[in-house]
Amino acid sequence: MQALDLSSEEYELLENMYVRLAGYQHESVVDGPGVRTTVFFQGCDFHCPGCHNAMTHDKTKGRLVTALSVYKEIYQSKLASGVTFSGGEPFLQEEALLTLVKICKAKGRHIIIYTGHEVGELLTVCSKEKAKLRREILQYVDMVITGRFVQKLKTLEKPFVGSANQEIYELAVNNPWKE
């Protein structure tokens, strides 16, 4: 494993933050460009029919781990240059997600988040406090893939999505949440 390269403040922040996780996929090439570590958050309110991660829907399942253990998993691979946060729905755990994206971005990782939210929903279907957290998260993210999986629109033609309605936003080029 590579050295953690964390300041004492970053280490403490990660050690004291908890995440409910479904699991990891190391050295993935299907969850975004390049070689990535994919982190699957546990819990999803969308319950899309045909979802290939249906086991991540129940918010009480999975395992509760520290963000530090997630960070260690992300940096376990010598090949992965990016991290993808998927699920379940990562935006159900905004505080943990913010901690992870902020530190991973500071350490040079390319960051993608998959969300079942549509562009217009992400900041409007939650409280003002959560919307503020979500907006802050987006400051550290390179790409967001939005939209619920729709089984009748399932596609293999469009990279990194499950159904044709899902959209990919490279935030440096096209950021629909920019103020």
Side-chain angles (χ1 to χ4, degrees), residues 19-59 70 74 80-102 104-105 108-179:
V19 186
R20 184 159 298 278
L21 284 188
Y24 305 95
Q25 175 66 51
H26 293 284
E27 299 173 357
S28 171
V29 294
V30 298
D31 295 313
V35 179
R36 319 184 68 74
T37 299
T38 303
V39 179
F40 295 96
F41 279 58
Q42 184 70 37
C44 183
D45 292 334
F46 297 118
H47 304 276
C48 301
C51 174
H52 76 284
N53 285 340
M55 68 289 213
T56 66
H57 293 176
D58 188 335
K59 294 178 191 175
V70 175
I74 291 167
S81 60
V83 58
T84 298
F85 295 100
S86 188
E89 175 55 56
F91 282 104
L92 287 177
Q93 300 183 64
E94 289 97 344
E95 290 179 11
L97 183 60
L98 175 59
T99 299
L100 287 163
V101 299
K102 194 177 209 178
C104 288
K105 179 49 76 179
R109 285 294 200 242
H110 181 273
I111 299 172
I112 295 176
I113 298 177
Y114 277 83
T115 179
H117 290 287
E118 302 295 336
V119 168
E121 295 177 330
L122 187 61
L123 301 177
T124 61
V125 296
C126 55
S127 68
K128 287 184 180 182
E129 294 79 24
K130 286 194 180 274
K132 183 178 177 187
L133 270 174
R134 289 178 178 189
R135 191 174 294 285
E136 187 175 355
I137 289 165
L138 293 168
Q139 293 176 17
Y140 300 98
V141 176
D142 298 289
M143 185 182 289
V144 178
I145 300 171
T146 64
R148 294 169 201 41
F149 173 74
V150 177
Q151 196 163 9
K152 68 182 178 185
L153 298 176
K154 186 174 180 172
T155 182
L156 298 175
E157 305 293 317
K158 197 173 173 184
F160 312 128
V161 301
S163 57
N165 63 298
Q166 295 172 311
E167 295 295 332
I168 299 171
Y169 294 92
E170 292 188 50
L171 299 188
V173 177
N174 179 14
N175 186 341
W177 303 284
K178 195 170 187 175
E179 291 185 286

Dump the intermediate steps for side-chain contact (heavy atoms from CB on, under 4.5 Å) on H117 and V125, then the final yes or no.
CA-CA 9 Å; H117 290 287; V125 296; 3.4 Å; yes
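- Under the 4.5 Å side-chain criterion, counting only non-hydrogen atoms from C-beta, V141 is not in contact with F85.
- A pairwise comparison of heavy atoms in P90 and S86 identifies CG-O, 3.3 Å as the closest pair.
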Check against side-chain contact (heavy atoms from CB on, under 4.5 Å), T84 and I145:
CA-CA 10 Å; T84 298; I145 300 171; over 6 Å; no
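- Sorted by first then second residue, the side-chain hydrogen bond (donor to acceptor under 3.5 Å, both in side chains) pairs that include residues 149-158, not counting sequence neighbours, number zero.
- The minimum heavy-atom distance between L138 and F91, with the atom names listed, is CD2-CZ, 4.3 Å.
- The distance from the CG atom of L92 to the OG1 atom of T115 is 8.5 Å, given to the nearest 0.5 Å.
- In this structure a side-chain-to-backbone donor-acceptor pair under 3.5 Å is present from R134 to L122.
- Atom CD1 of I113 sits about 4.5 Å away from atom CG of L97, to the nearest 0.5 Å.
- Looking only at side-chain heavy atoms (C-beta outward), V144 and P176 stay at 4.5 Å or farther from each other.
- Rounding to the nearest 0.5 angstrom, the gap separating the CG atom in D58 from the CZ atom in R20 is 9.0 Å.
- The backbone N or O of G147 lies less than 3.5 Å from a partner atom in the side chain of Q166, making a donor-acceptor pair.
- Nearest heavy-atom pair across A131 and C126 is N-SG, 3.6 Å.
- Among residues at least two apart or in separate chains, salt bridge (charged side-chain N to carboxylate O under 4.0 Å, His left out) pairs with a member in residues 33-47 are D45-K59.
- Nearest heavy-atom pair across H110 and P33 is CE1-CG, 4.3 Å.
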side-chain contact (heavy atoms from CB on, under 4.5 Å) between V39 and L100, intermediate numbers included
CA-CA 11 Å; V39 179; L100 287 163; 5.7 Å; no
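- With sequence neighbours left out, the side chain to side chain donor-acceptor pair (under 3.5 Å) criterion links K132 to no other residue.
- Contact of the L21 side chain with the F40 side chain is not registered, since no non-hydrogen atoms from C-beta on lie closer than 4.5 Å.
- Listed by chain and number, the residues in a side chain to side chain contact (heavy atoms under 4.5 Å, CB included) with T56 are A22, Q42, N53 (sequence neighbours excluded).
- The closest side-chain heavy-atom distance from V161 to I168 is below 4.5 Å.
- Atom CD of E118 and atom OG1 of T124 lie 11.0 Å apart (nearest 0.5 Å).
- Residues passing the side chain to side chain donor-acceptor pair (under 3.5 Å) test with S28, sequence neighbours excluded: D31.
- You'll find the side chain of I74 stays beyond 4.5 Å of the side chain of Y24, heavy atoms only.
- Within the structure, no pair that satisfies the salt bridge (charged side-chain N to carboxylate O under 4.0 Å, His left out) test touches residues 83-93, not counting sequence neighbours.
- Atom CG of L171 sits about 8.5 Å away from atom CE of M143, to the nearest 0.5 Å.
- Residues Y114 and G32 share a closest heavy-atom pair of OH-N, 4.5 Å.
- For S81, the side chain to side chain contact (heavy atoms under 4.5 Å, CB included) criterion is met by no residue, not counting sequence neighbours.
- Partners of L133 under the side chain to side chain contact (heavy atoms under 4.5 Å, CB included) rule, at least two apart in sequence or in another chain, are E94, E95, L98.
- The ring-ring contact (aromatic ring centres under 6.0 Å, His included) analysis of residues 156-179, with sequence neighbours excluded, yields the pairs Y169-W177.
- Residues satisfying the side chain to side chain donor-acceptor pair (under 3.5 Å) test with S163, not counting sequence neighbours, are N165.
- Take H47 and apply the side chain to side chain contact (heavy atoms under 4.5 Å, CB included) test, not counting sequence neighbours, and it matches H57.
- Atoms CD and CG, from E170 and N175 in turn, are 11.5 Å apart once rounded to the nearest 0.5 Å.
- With sequence neighbours left out, the side chain to side chain donor-acceptor pair (under 3.5 Å) criterion links K105 to D142.
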